[in-house]
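What follows is a set of notes on a single structure, which appears directly below.
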Amino acid sequence: MAKRIDVKDLDIYYGDFKAVEGVSLTVEPRSVTAFIGPSGCGKSTVLRTLNRMHEVIPGGRVEGKVALDDQDLYASSMDPVAVRRTVGMVFQRPNPFPTMSIRDNVAAGLKLNGVKNKKRLDEVVEASLKGANLWNEVKDRLDKPGAGLSGGQQQRLCIARAIAVEPQVLLMDEPCSALDPISTLAIEDLINDLKSQYTIVIVTHNMQQAARVSDQTAFFNLKATGQPGRLVEVDDTQRIFSNPSEKATEDYISGRFG
Amino acid sequence: MSTVSTVGESAPRARTTPTNDDFGGRSGGRAFKDQLARILMWGAFLIALIPLVWILGSTLLKGGHMLLEADWWGKSQAGITARREGGGAVHAIQGTLIQALVTALISVPIGVLTAVYLVEYGRGRLARVVSFMVDILTGIPSIVAGLFIYAVWVTTFGFQRLPIAVCFALTMLMIPTVVRSTEEMLKLVPNELREASYALGVPKWKTIMKIVIPTSFSGIVTGILLGLARVMGETAPLLILAPYTKVIATDLFGGLMGTLPTMINQDRDQTLQPALDRVWGAALTLILIIFLLNILGRLIGRFSKVKS
(Lines give C-alpha, C1' and ligand atoms only; values in the text may rest on other atoms or scores of the structure.)
Protein backbone atom coordinates (compact mmCIF):
# COMPACT_ATOMS: atom_id res chain seq x y z
CA MET A 1 0.00 0.00 0.00
CA ALA A 2 2.93 2.37 0.42
CA LYS A 3 3.95 4.39 -2.59
CA ARG A 4 7.10 6.02 -3.86
CA ILE A 5 7.38 9.79 -4.12
CA ASP A 6 9.34 11.42 -6.92
CA VAL A 7 9.95 15.16 -6.78
CA LYS A 8 11.58 16.76 -9.77
CA ASP A 9 12.71 20.39 -10.22
CA LEU A 10 10.10 21.70 -7.82
CA ASP A 11 9.77 25.47 -7.40
CA ILE A 12 7.32 26.70 -4.80
CA TYR A 13 5.80 30.17 -4.68
CA TYR A 14 3.79 32.29 -2.29
CA GLY A 15 2.29 34.74 -4.75
CA ASP A 16 5.25 36.27 -6.53
CA PHE A 17 7.72 35.22 -3.87
CA LYS A 18 9.70 32.13 -4.73
CA ALA A 19 10.07 30.30 -1.43
CA VAL A 20 11.80 27.12 -2.55
CA GLU A 21 13.78 26.40 -5.68
CA GLY A 22 14.81 23.36 -7.61
CA VAL A 23 14.03 20.49 -5.27
CA SER A 24 14.51 16.98 -6.63
CA LEU A 25 14.39 13.91 -4.45
CA THR A 26 12.99 10.42 -4.26
CA VAL A 27 11.35 8.81 -1.26
CA GLU A 28 11.23 5.02 -1.33
CA PRO A 29 8.12 3.16 -0.18
CA ARG A 30 8.14 1.93 3.44
CA SER A 31 10.94 4.24 4.45
CA VAL A 32 11.25 7.28 6.64
CA THR A 33 12.69 10.43 5.18
CA ALA A 34 13.55 13.33 7.46
CA PHE A 35 13.67 16.96 6.33
CA ILE A 36 16.08 19.02 8.41
CA GLY A 37 17.38 22.55 8.12
CA PRO A 38 17.14 25.99 9.75
CA SER A 39 13.82 27.76 10.24
CA GLY A 40 12.34 29.38 7.18
CA CYS A 41 14.29 27.30 4.69
CA GLY A 42 11.18 25.72 3.23
CA LYS A 43 11.10 22.22 4.74
CA SER A 44 7.44 22.47 5.74
CA THR A 45 6.60 24.19 2.47
CA VAL A 46 8.07 21.30 0.50
CA LEU A 47 6.24 18.82 2.73
CA ARG A 48 2.94 20.57 2.11
CA THR A 49 3.35 20.32 -1.64
CA LEU A 50 3.42 16.54 -1.35
CA ASN A 51 -0.31 16.42 -0.59
CA ARG A 52 -1.29 19.68 -2.27
CA MET A 53 -1.88 21.46 1.01
CA HIS A 54 0.39 24.29 -0.11
CA GLU A 55 -2.25 25.67 -2.43
CA VAL A 56 -4.71 26.05 0.45
CA ILE A 57 -2.77 29.20 1.35
CA PRO A 58 -3.89 32.12 -0.83
CA GLY A 59 -1.33 32.70 -3.56
CA GLY A 60 0.37 29.33 -3.02
CA ARG A 61 1.41 27.59 -6.24
CA VAL A 62 4.13 25.29 -7.54
CA GLU A 63 6.08 24.59 -10.71
CA GLY A 64 7.75 21.29 -11.38
CA LYS A 65 6.71 17.74 -10.81
CA VAL A 66 5.60 15.66 -7.85
CA ALA A 67 4.71 12.07 -8.67
CA LEU A 68 3.34 9.26 -6.59
CA ASP A 69 4.29 5.95 -8.24
CA ASP A 70 4.49 7.75 -11.62
CA GLN A 71 1.16 9.50 -11.08
CA ASP A 72 1.60 13.25 -11.45
CA LEU A 73 -0.04 14.87 -8.41
CA TYR A 74 -0.24 18.23 -10.16
CA ALA A 75 -1.75 16.95 -13.40
CA SER A 76 -4.78 19.05 -14.30
CA SER A 77 -7.01 15.98 -14.10
CA MET A 78 -5.91 15.30 -10.52
CA ASP A 79 -8.36 16.22 -7.76
CA PRO A 80 -6.51 17.72 -4.77
CA VAL A 81 -9.14 16.22 -2.44
CA ALA A 82 -8.32 12.75 -3.77
CA VAL A 83 -4.59 13.43 -3.37
CA ARG A 84 -5.11 14.29 0.28
CA ARG A 85 -6.97 11.04 0.85
CA THR A 86 -3.93 9.20 -0.45
CA VAL A 87 -1.32 11.31 1.30
CA GLY A 88 -2.20 11.91 4.94
CA MET A 89 -0.74 14.58 7.16
CA VAL A 90 0.00 15.16 10.84
CA PHE A 91 0.57 18.74 11.94
CA GLN A 92 2.94 20.50 14.26
CA ARG A 93 0.37 21.24 16.91
CA PRO A 94 -2.11 18.51 17.80
CA ASN A 95 -5.43 19.62 16.31
CA PRO A 96 -8.25 17.22 17.23
CA PHE A 97 -11.70 18.47 16.23
CA PRO A 98 -13.03 20.15 19.39
CA THR A 99 -16.68 19.26 18.76
CA MET A 100 -15.99 15.54 18.47
CA SER A 101 -15.40 12.63 20.80
CA ILE A 102 -12.27 10.50 20.57
CA ARG A 103 -14.16 7.97 18.48
CA ASP A 104 -15.59 10.59 16.12
CA ASN A 105 -12.20 12.25 15.72
CA VAL A 106 -10.66 9.02 14.48
CA ALA A 107 -13.66 8.24 12.30
CA ALA A 108 -13.91 11.82 10.98
CA GLY A 109 -12.12 11.19 7.69
CA LEU A 110 -14.37 8.26 6.84
CA LYS A 111 -17.59 9.74 8.21
CA LEU A 112 -17.16 13.04 6.42
CA ASN A 113 -16.53 11.13 3.23
CA GLY A 114 -19.81 9.28 3.56
CA VAL A 115 -19.02 5.99 5.32
CA LYS A 116 -22.03 5.18 7.50
CA ASN A 117 -21.61 1.50 8.35
CA LYS A 118 -21.25 1.59 12.12
CA LYS A 119 -19.53 -1.78 12.41
CA ARG A 120 -16.93 -0.83 9.85
CA LEU A 121 -16.36 2.52 11.56
CA ASP A 122 -15.89 0.84 14.94
CA GLU A 123 -13.38 -1.56 13.44
CA VAL A 124 -11.43 1.24 11.81
CA VAL A 125 -11.46 3.28 15.03
CA GLU A 126 -10.06 0.37 17.00
CA ALA A 127 -7.47 -0.57 14.39
CA SER A 128 -6.32 3.03 13.94
CA LEU A 129 -6.06 3.71 17.67
CA LYS A 130 -4.11 0.49 18.08
CA GLY A 131 -1.95 1.53 15.15
CA ALA A 132 -1.27 4.82 16.88
CA ASN A 133 -0.48 3.13 20.22
CA LEU A 134 -3.37 4.89 21.90
CA TRP A 135 -6.00 2.18 22.16
CA ASN A 136 -5.12 0.98 25.66
CA GLU A 137 -5.20 4.50 27.05
CA VAL A 138 -8.55 5.53 25.61
CA LYS A 139 -10.57 2.37 24.96
CA ASP A 140 -12.76 3.01 28.01
CA ARG A 141 -13.52 6.60 27.15
CA LEU A 142 -14.03 6.70 23.41
CA ASP A 143 -17.04 8.97 23.85
CA LYS A 144 -15.12 11.57 25.82
CA PRO A 145 -14.00 14.69 23.94
CA GLY A 146 -10.74 14.36 22.03
CA ALA A 147 -9.58 17.77 23.24
CA GLY A 148 -9.52 16.43 26.81
CA LEU A 149 -6.49 14.23 26.21
CA SER A 150 -2.93 15.26 27.03
CA GLY A 151 -0.80 16.85 24.32
CA GLY A 152 1.05 13.64 23.46
CA GLN A 153 -2.17 11.64 23.41
CA GLN A 154 -3.81 14.28 21.23
CA GLN A 155 -0.96 14.02 18.75
CA ARG A 156 -1.30 10.23 18.65
CA LEU A 157 -5.06 10.76 18.21
CA CYS A 158 -4.25 12.92 15.19
CA ILE A 159 -2.00 10.19 13.84
CA ALA A 160 -4.81 7.67 14.35
CA ARG A 161 -7.16 10.05 12.54
CA ALA A 162 -4.68 10.36 9.66
CA ILE A 163 -4.13 6.60 9.25
CA ALA A 164 -7.85 5.82 9.58
CA VAL A 165 -8.40 6.88 5.96
CA GLU A 166 -5.67 4.39 4.94
CA PRO A 167 -3.33 6.74 3.13
CA GLN A 168 -0.36 5.50 1.12
CA VAL A 169 1.95 8.16 2.46
CA LEU A 170 2.08 9.90 5.83
CA LEU A 171 3.51 13.40 6.11
CA MET A 172 4.50 14.72 9.53
CA ASP A 173 5.24 18.38 10.07
CA GLU A 174 7.33 18.62 13.26
CA PRO A 175 4.95 16.25 15.04
CA CYS A 176 6.90 16.32 18.31
CA SER A 177 7.84 19.96 18.64
CA ALA A 178 4.97 20.65 21.04
CA LEU A 179 5.51 17.48 23.09
CA ASP A 180 7.60 16.45 26.09
CA PRO A 181 10.42 13.87 25.73
CA ILE A 182 8.27 10.93 26.83
CA SER A 183 5.49 11.68 24.37
CA THR A 184 8.16 12.28 21.75
CA LEU A 185 9.58 8.82 22.40
CA ALA A 186 6.10 7.33 22.03
CA ILE A 187 5.65 9.06 18.68
CA GLU A 188 9.11 7.99 17.49
CA ASP A 189 8.37 4.37 18.40
CA LEU A 190 5.14 4.72 16.52
CA ILE A 191 6.94 6.05 13.44
CA ASN A 192 9.15 2.96 13.54
CA ASP A 193 6.07 0.72 13.62
CA LEU A 194 4.26 2.62 10.90
CA LYS A 195 7.26 2.37 8.61
CA SER A 196 6.38 -1.20 7.74
CA GLN A 197 3.16 -0.02 6.11
CA TYR A 198 3.56 3.59 5.09
CA THR A 199 5.94 5.86 3.29
CA ILE A 200 6.73 8.52 5.86
CA VAL A 201 8.18 11.98 5.46
CA ILE A 202 8.89 13.91 8.63
CA VAL A 203 9.99 17.48 9.13
CA THR A 204 11.98 17.96 12.31
CA HIS A 205 14.12 20.55 14.02
CA ASN A 206 15.62 17.91 16.23
CA MET A 207 18.65 16.36 14.56
CA GLN A 208 18.87 13.51 17.04
CA GLN A 209 15.30 12.70 16.13
CA ALA A 210 16.14 12.69 12.43
CA ALA A 211 19.09 10.39 13.17
CA ARG A 212 16.92 8.08 15.30
CA VAL A 213 13.88 7.63 13.10
CA SER A 214 14.85 8.16 9.49
CA ASP A 215 16.46 6.07 6.78
CA GLN A 216 17.13 9.02 4.54
CA THR A 217 17.75 12.64 5.45
CA ALA A 218 17.33 15.74 3.32
CA PHE A 219 19.06 18.92 4.39
CA PHE A 220 17.47 22.20 3.28
CA ASN A 221 19.00 25.63 3.54
CA LEU A 222 18.53 29.16 2.30
CA LYS A 223 20.91 30.25 -0.42
CA ALA A 224 21.15 33.58 1.36
CA THR A 225 18.81 35.77 3.36
CA GLY A 226 15.85 36.73 1.18
CA GLN A 227 16.71 34.07 -1.38
CA PRO A 228 14.63 30.95 -1.95
CA GLY A 229 15.34 27.84 0.09
CA ARG A 230 16.89 24.85 -1.62
CA LEU A 231 17.69 21.24 -1.06
CA VAL A 232 21.40 21.09 -0.21
CA GLU A 233 21.82 17.37 0.05
CA VAL A 234 19.81 14.18 0.40
CA ASP A 235 21.40 10.87 1.34
CA ASP A 236 21.22 7.92 3.72
CA THR A 237 20.79 9.20 7.24
CA GLN A 238 23.91 7.33 8.28
CA ARG A 239 25.98 9.12 5.68
CA ILE A 240 24.49 12.56 6.28
CA PHE A 241 25.34 12.33 9.95
CA SER A 242 28.78 10.75 9.58
CA ASN A 243 30.22 11.89 6.31
CA PRO A 244 28.09 14.39 4.38
CA SER A 245 29.36 15.46 0.98
CA GLU A 246 28.48 19.13 1.43
CA LYS A 247 30.28 21.36 3.88
CA ALA A 248 27.07 23.26 4.70
CA THR A 249 25.46 20.04 5.87
CA GLU A 250 28.39 19.20 8.09
CA ASP A 251 28.41 22.69 9.58
CA TYR A 252 24.73 22.50 10.33
CA ILE A 253 24.81 19.04 11.83
CA SER A 254 27.85 19.70 13.95
CA GLY A 255 26.22 22.87 15.26
CA ARG A 256 28.65 25.31 13.69
CA PHE A 257 25.77 27.26 12.27
CA GLY A 258 21.97 27.29 12.39
CA MET B 1 32.65 20.93 71.99
CA SER B 2 30.82 19.85 68.94
CA THR B 3 28.06 21.48 67.00
CA VAL B 4 25.31 19.31 65.72
CA SER B 5 24.00 20.71 62.54
CA THR B 6 20.96 19.39 60.81
CA VAL B 7 19.96 19.73 57.24
CA GLY B 8 18.51 23.05 56.47
CA GLU B 9 20.23 24.75 59.37
CA SER B 10 23.18 26.66 58.12
CA ALA B 11 25.76 28.70 59.88
CA PRO B 12 24.52 32.17 60.54
CA ARG B 13 25.49 34.52 57.79
CA ALA B 14 25.24 38.19 57.50
CA ARG B 15 22.06 38.63 55.54
CA THR B 16 20.25 41.64 54.41
CA THR B 17 16.57 41.26 54.04
CA PRO B 18 15.43 43.12 50.96
CA THR B 19 13.30 46.08 51.85
CA ASN B 20 11.13 48.24 49.71
CA ASP B 21 13.97 50.67 49.53
CA ASP B 22 16.06 48.17 47.60
CA PHE B 23 13.53 48.34 44.79
CA GLY B 24 13.17 52.07 45.04
CA GLY B 25 9.85 51.84 46.87
CA ARG B 26 6.49 52.60 45.38
CA SER B 27 6.45 56.11 44.10
CA GLY B 28 3.76 58.36 45.44
CA GLY B 29 2.98 59.65 41.98
CA ARG B 30 2.21 56.22 40.61
CA ALA B 31 0.02 55.29 43.56
CA PHE B 32 -1.91 58.50 43.07
CA LYS B 33 -2.44 57.82 39.36
CA ASP B 34 -3.55 54.31 40.17
CA GLN B 35 -6.16 55.61 42.60
CA LEU B 36 -7.28 58.27 40.17
CA ALA B 37 -7.77 55.75 37.36
CA ARG B 38 -9.64 53.46 39.72
CA ILE B 39 -12.02 56.22 40.81
CA LEU B 40 -12.57 57.35 37.21
CA MET B 41 -13.41 53.86 36.03
CA TRP B 42 -15.77 53.09 38.87
CA GLY B 43 -17.34 56.53 38.45
CA ALA B 44 -17.92 55.97 34.73
CA PHE B 45 -19.38 52.56 35.44
CA LEU B 46 -21.78 53.90 38.05
CA ILE B 47 -22.88 56.78 35.81
CA ALA B 48 -23.56 54.33 32.99
CA LEU B 49 -25.56 52.25 35.44
CA ILE B 50 -27.88 55.09 36.50
CA PRO B 51 -30.13 55.21 33.41
CA LEU B 52 -30.30 51.42 33.26
CA VAL B 53 -31.39 51.06 36.87
CA TRP B 54 -33.72 54.02 36.53
CA ILE B 55 -35.48 52.63 33.46
CA LEU B 56 -35.75 49.14 34.89
CA GLY B 57 -36.92 50.48 38.25
CA SER B 58 -39.60 52.81 36.94
CA THR B 59 -40.92 50.31 34.39
CA LEU B 60 -41.12 47.68 37.12
CA LEU B 61 -42.84 50.06 39.53
CA LYS B 62 -45.31 51.44 37.04
CA GLY B 63 -45.91 48.41 34.84
CA GLY B 64 -45.10 45.47 37.10
CA HIS B 65 -48.63 45.08 38.44
CA MET B 66 -50.02 44.76 34.89
CA LEU B 67 -47.93 41.66 34.25
CA LEU B 68 -49.33 40.00 37.37
CA GLU B 69 -52.86 40.02 35.99
CA ALA B 70 -53.93 36.88 34.18
CA ASP B 71 -55.77 38.92 31.54
CA TRP B 72 -52.48 40.53 30.46
CA TRP B 73 -51.26 37.22 29.10
CA GLY B 74 -54.68 36.00 27.96
CA LYS B 75 -56.58 38.84 26.30
CA SER B 76 -56.18 41.55 23.69
CA GLN B 77 -57.27 45.17 23.87
CA ALA B 78 -60.37 44.51 21.78
CA GLY B 79 -63.16 46.84 22.81
CA ILE B 80 -61.14 48.50 25.56
CA THR B 81 -60.91 52.27 25.60
CA ALA B 82 -58.34 54.44 27.30
CA ARG B 83 -60.83 55.11 30.08
CA ARG B 84 -61.44 51.44 30.91
CA GLU B 85 -59.21 49.08 32.78
CA GLY B 86 -58.66 45.48 31.74
CA GLY B 87 -57.68 43.72 28.59
CA GLY B 88 -54.27 42.31 27.84
CA ALA B 89 -51.27 42.42 25.57
CA VAL B 90 -51.58 39.08 23.85
CA HIS B 91 -52.20 40.67 20.45
CA ALA B 92 -49.03 42.76 20.75
CA ILE B 93 -46.88 39.94 22.14
CA GLN B 94 -48.01 37.64 19.34
CA GLY B 95 -47.42 40.31 16.72
CA THR B 96 -43.91 41.05 17.98
CA LEU B 97 -42.99 37.35 18.16
CA ILE B 98 -44.42 36.53 14.73
CA GLN B 99 -42.64 39.43 13.07
CA ALA B 100 -39.40 38.59 14.86
CA LEU B 101 -39.64 34.94 13.84
CA VAL B 102 -40.29 35.69 10.18
CA THR B 103 -37.55 38.34 10.19
CA ALA B 104 -35.15 35.77 11.62
CA LEU B 105 -36.21 33.16 9.06
CA ILE B 106 -35.29 35.55 6.25
CA SER B 107 -32.21 37.16 7.81
CA VAL B 108 -30.44 34.17 9.33
CA PRO B 109 -29.80 32.17 6.14
CA ILE B 110 -28.80 35.28 4.18
CA GLY B 111 -26.65 36.62 7.01
CA VAL B 112 -24.92 33.35 7.88
CA LEU B 113 -24.24 32.48 4.24
CA THR B 114 -22.85 35.96 3.58
CA ALA B 115 -20.52 35.55 6.57
CA VAL B 116 -19.43 32.12 5.35
CA TYR B 117 -18.68 33.63 1.95
CA LEU B 118 -16.72 36.51 3.44
CA VAL B 119 -14.64 34.35 5.78
CA GLU B 120 -14.18 31.14 3.83
CA TYR B 121 -14.33 32.11 0.17
CA GLY B 122 -14.18 35.87 -0.20
CA ARG B 123 -11.04 37.10 -1.93
CA GLY B 124 -10.47 40.16 -3.98
CA ARG B 125 -12.82 42.87 -5.07
CA LEU B 126 -16.25 41.23 -4.66
CA ALA B 127 -15.54 40.34 -1.03
CA ARG B 128 -14.36 43.87 -0.31
CA VAL B 129 -17.50 45.31 -1.89
CA VAL B 130 -19.77 42.95 0.06
CA SER B 131 -17.97 43.72 3.29
CA PHE B 132 -18.25 47.45 2.61
CA MET B 133 -21.98 47.12 1.87
CA VAL B 134 -22.51 45.28 5.15
CA ASP B 135 -20.74 48.12 6.93
CA ILE B 136 -23.07 50.61 5.29
CA LEU B 137 -26.15 48.53 6.16
CA THR B 138 -25.01 48.42 9.78
CA GLY B 139 -25.27 52.18 9.97
CA ILE B 140 -28.74 52.54 8.43
CA PRO B 141 -31.24 54.12 10.82
CA SER B 142 -34.36 52.03 11.24
CA ILE B 143 -36.63 54.75 9.91
CA VAL B 144 -34.65 54.81 6.67
CA ALA B 145 -35.07 51.05 6.34
CA GLY B 146 -38.80 51.51 6.92
CA LEU B 147 -39.11 54.30 4.36
CA PHE B 148 -37.04 52.37 1.83
CA ILE B 149 -39.37 49.38 2.05
CA TYR B 150 -42.34 51.75 1.89
CA ALA B 151 -40.91 53.29 -1.27
CA VAL B 152 -40.43 49.89 -2.88
CA TRP B 153 -43.45 48.08 -1.52
CA VAL B 154 -46.14 50.75 -1.58
CA THR B 155 -44.96 53.50 -3.93
CA THR B 156 -43.28 51.38 -6.59
CA PHE B 157 -45.24 48.15 -6.53
CA GLY B 158 -48.49 49.64 -5.25
CA PHE B 159 -49.06 47.01 -2.54
CA GLN B 160 -50.92 47.63 0.72
CA ARG B 161 -49.03 48.37 3.91
CA LEU B 162 -48.66 44.91 5.41
CA PRO B 163 -46.93 43.36 8.41
CA ILE B 164 -44.81 41.26 6.05
CA ALA B 165 -43.31 44.51 4.75
CA VAL B 166 -42.27 45.26 8.33
CA CYS B 167 -40.40 41.96 8.33
CA PHE B 168 -38.54 43.03 5.19
CA ALA B 169 -37.54 46.31 6.79
CA LEU B 170 -36.44 44.55 9.99
CA THR B 171 -34.51 42.07 7.84
CA MET B 172 -32.47 44.97 6.46
CA LEU B 173 -31.55 45.85 10.02
CA MET B 174 -30.88 42.31 11.19
CA ILE B 175 -28.79 40.98 8.30
CA PRO B 176 -25.74 43.17 9.01
CA THR B 177 -25.67 42.26 12.69
CA VAL B 178 -25.96 38.56 11.84
CA VAL B 179 -23.21 38.86 9.20
CA ARG B 180 -20.84 40.68 11.52
CA SER B 181 -21.35 38.42 14.55
CA THR B 182 -21.17 35.22 12.48
CA GLU B 183 -18.05 36.50 10.74
CA GLU B 184 -16.34 37.07 14.08
CA MET B 185 -17.27 33.57 15.25
CA LEU B 186 -16.06 31.90 12.05
CA LYS B 187 -12.78 33.80 12.27
CA LEU B 188 -12.27 32.39 15.77
CA VAL B 189 -12.17 28.83 14.38
CA PRO B 190 -8.44 28.01 14.16
CA ASN B 191 -7.14 27.47 10.65
CA GLU B 192 -5.48 24.28 11.88
CA LEU B 193 -8.90 22.63 12.11
CA ARG B 194 -9.68 23.47 8.49
CA GLU B 195 -6.27 22.14 7.41
CA ALA B 196 -6.73 18.98 9.48
CA SER B 197 -9.97 18.37 7.68
CA TYR B 198 -8.54 19.09 4.21
CA ALA B 199 -5.65 16.76 4.98
CA LEU B 200 -8.15 13.96 5.54
CA GLY B 201 -9.41 14.44 2.01
CA VAL B 202 -12.58 16.24 3.06
CA PRO B 203 -13.80 18.77 0.48
CA LYS B 204 -13.95 22.41 1.45
CA TRP B 205 -17.75 22.73 1.56
CA LYS B 206 -18.00 19.71 3.83
CA THR B 207 -15.24 21.07 6.04
CA ILE B 208 -17.28 24.25 6.47
CA MET B 209 -20.53 22.37 7.14
CA LYS B 210 -19.17 19.69 9.46
CA ILE B 211 -16.15 21.25 11.13
CA VAL B 212 -16.16 25.05 10.96
CA ILE B 213 -19.85 25.77 11.62
CA PRO B 214 -20.31 23.16 14.38
CA THR B 215 -17.20 24.50 16.12
CA SER B 216 -18.57 28.04 16.11
CA PHE B 217 -22.24 27.07 16.39
CA SER B 218 -22.99 28.40 19.86
CA GLY B 219 -21.36 31.72 19.07
CA ILE B 220 -23.35 32.05 15.87
CA VAL B 221 -26.64 31.30 17.68
CA THR B 222 -25.80 33.77 20.44
CA GLY B 223 -25.11 36.43 17.82
CA ILE B 224 -28.40 35.70 16.07
CA LEU B 225 -30.40 35.93 19.30
CA LEU B 226 -28.75 39.21 20.25
CA GLY B 227 -29.47 40.58 16.77
CA LEU B 228 -33.06 39.41 17.10
CA ALA B 229 -33.42 41.08 20.48
CA ARG B 230 -32.27 44.28 18.88
CA VAL B 231 -34.77 44.35 16.02
CA MET B 232 -37.64 43.40 18.32
CA GLY B 233 -37.51 46.84 19.89
CA GLU B 234 -37.46 48.70 16.57
CA THR B 235 -40.47 50.99 16.18
CA ALA B 236 -40.07 53.21 13.14
CA PRO B 237 -40.66 50.55 10.44
CA LEU B 238 -43.71 49.33 12.35
CA LEU B 239 -45.24 52.78 12.42
CA ILE B 240 -44.64 53.27 8.73
CA LEU B 241 -45.59 49.86 7.43
CA ALA B 242 -48.08 48.13 9.73
CA PRO B 243 -50.52 50.24 11.68
CA TYR B 244 -51.51 49.18 15.16
CA THR B 245 -54.66 47.26 15.97
CA LYS B 246 -56.12 46.36 19.35
CA VAL B 247 -57.43 42.99 18.26
CA ILE B 248 -55.54 39.77 17.74
CA ALA B 249 -54.18 39.74 14.19
CA THR B 250 -51.69 37.04 13.26
CA ASP B 251 -51.88 37.27 9.46
CA LEU B 252 -48.72 38.83 8.06
CA PHE B 253 -50.66 39.63 4.88
CA GLY B 254 -53.72 40.97 6.73
CA GLY B 255 -53.04 44.67 6.94
CA LEU B 256 -53.04 45.63 10.62
CA MET B 257 -51.02 44.00 13.36
CA GLY B 258 -50.46 44.98 16.96
CA THR B 259 -46.93 44.81 18.36
CA LEU B 260 -45.42 45.83 21.68
CA PRO B 261 -43.57 48.90 20.36
CA THR B 262 -46.67 50.18 18.55
CA MET B 263 -48.83 49.40 21.58
CA ILE B 264 -46.55 51.62 23.63
CA ASN B 265 -46.70 54.31 20.97
CA GLN B 266 -50.49 54.10 20.73
CA ASP B 267 -51.22 55.30 24.23
CA ARG B 268 -48.07 57.17 25.12
CA ASP B 269 -49.73 60.63 25.07
CA GLN B 270 -52.73 59.53 27.10
CA THR B 271 -53.34 61.08 30.50
CA LEU B 272 -55.82 58.51 31.77
CA GLN B 273 -54.39 56.05 34.26
CA PRO B 274 -55.64 52.76 32.69
CA ALA B 275 -53.98 53.64 29.38
CA LEU B 276 -50.77 54.72 31.08
CA ASP B 277 -50.64 51.47 33.03
CA ARG B 278 -50.88 49.57 29.76
CA VAL B 279 -48.05 51.61 28.23
CA TRP B 280 -45.75 50.75 31.12
CA GLY B 281 -46.91 47.14 31.10
CA ALA B 282 -46.14 46.81 27.39
CA ALA B 283 -42.73 48.40 27.90
CA LEU B 284 -41.91 45.98 30.71
CA THR B 285 -43.13 43.03 28.64
CA LEU B 286 -40.87 44.05 25.77
CA ILE B 287 -37.89 44.42 28.11
CA LEU B 288 -38.71 41.03 29.61
CA ILE B 289 -38.86 39.27 26.23
CA ILE B 290 -35.56 40.83 25.13
CA PHE B 291 -34.04 39.95 28.50
CA LEU B 292 -35.17 36.32 28.11
CA LEU B 293 -33.69 36.19 24.60
CA ASN B 294 -30.39 37.46 25.96
CA ILE B 295 -30.41 34.84 28.72
CA LEU B 296 -31.19 32.18 26.13
CA GLY B 297 -28.28 33.40 24.03
CA ARG B 298 -25.90 33.13 26.97
CA LEU B 299 -27.22 29.69 27.92
CA ILE B 300 -26.68 28.37 24.41
CA GLY B 301 -23.20 29.86 24.56
CA ARG B 302 -22.55 27.79 27.64
CA PHE B 303 -23.94 24.52 26.28
CA SER B 304 -21.56 24.69 23.38
CA LYS B 305 -20.78 21.67 21.27
CA VAL B 306 -17.10 22.32 21.81
CA LYS B 307 -16.06 19.88 24.50
CA SER B 308 -12.97 19.93 26.60
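Within every chain, numbering begins at 1; the chains are lettered A, B, ... in the order of the sequence lines, protein sequences first and strands thereafter.
- Here the straight-line distance linking atom CG of Asp135(B) with atom CD1 of Ile140(B) works out to 12.0 Å at 0.5 Å rounding.
- Heavy-atom pairs under 4.5 Å with chain A peak, among Leu193(B), Thr207(B), Asn191(B), at Leu193(B).
- For Phe291(B), the CZ atom counts as loosely surrounded, since its 6.0 Å shell holds 12 or fewer non-hydrogen atoms of other residues, nucleotides or ligands.
- From Ser214(A), atom OG reaches atom CD of Glu188(A) across 10.0 Å, with rounding to the nearest 0.5 Å.
- Interface remark: Val83(A) contributes no atoms to any contact with chain B (heavy atom separation under 4.5 Å).
- Using a 4.5 Å cut-off between heavy atoms, Ser197(B) touches chain A through backbone and side chain atoms alike.
- Contact annotation for Pro96(A): only backbone heavy atoms (N, CA, C, O) come within less than 4.5 Å of a heavy atom of chain B.
- Under the side-chain contact (heavy atoms from CB on, under 4.5 Å) test applied with Glu234(B), the options Thr103(B), Val166(B), Leu173(B) reduce to a single match, Leu173(B).
- The closest donor-acceptor contact from the side chain of Asn113(A) to the backbone of Gly109(A) lies under 3.5 Å.
- Side-chain atoms of Asn133(A) and Asp193(A), non-hydrogen and from C-beta on, do get closer than 4.5 Å to each other.
- The most heavy-atom pairs under 4.5 Å with chain A, out of Lys210(B), Glu195(B), Arg123(B), Lys206(B), come from Glu195(B).
- At a 4.5 Å heavy-atom cutoff, the contact between Phe91(A) and chain B is made by side-chain atoms alone.
- Counting heavy-atom pairs closer than 4.5 Å to chain B, the top-ranked of the candidates Met89(A), Gln92(A), Arg161(A), Arg52(A) is Arg161(A).
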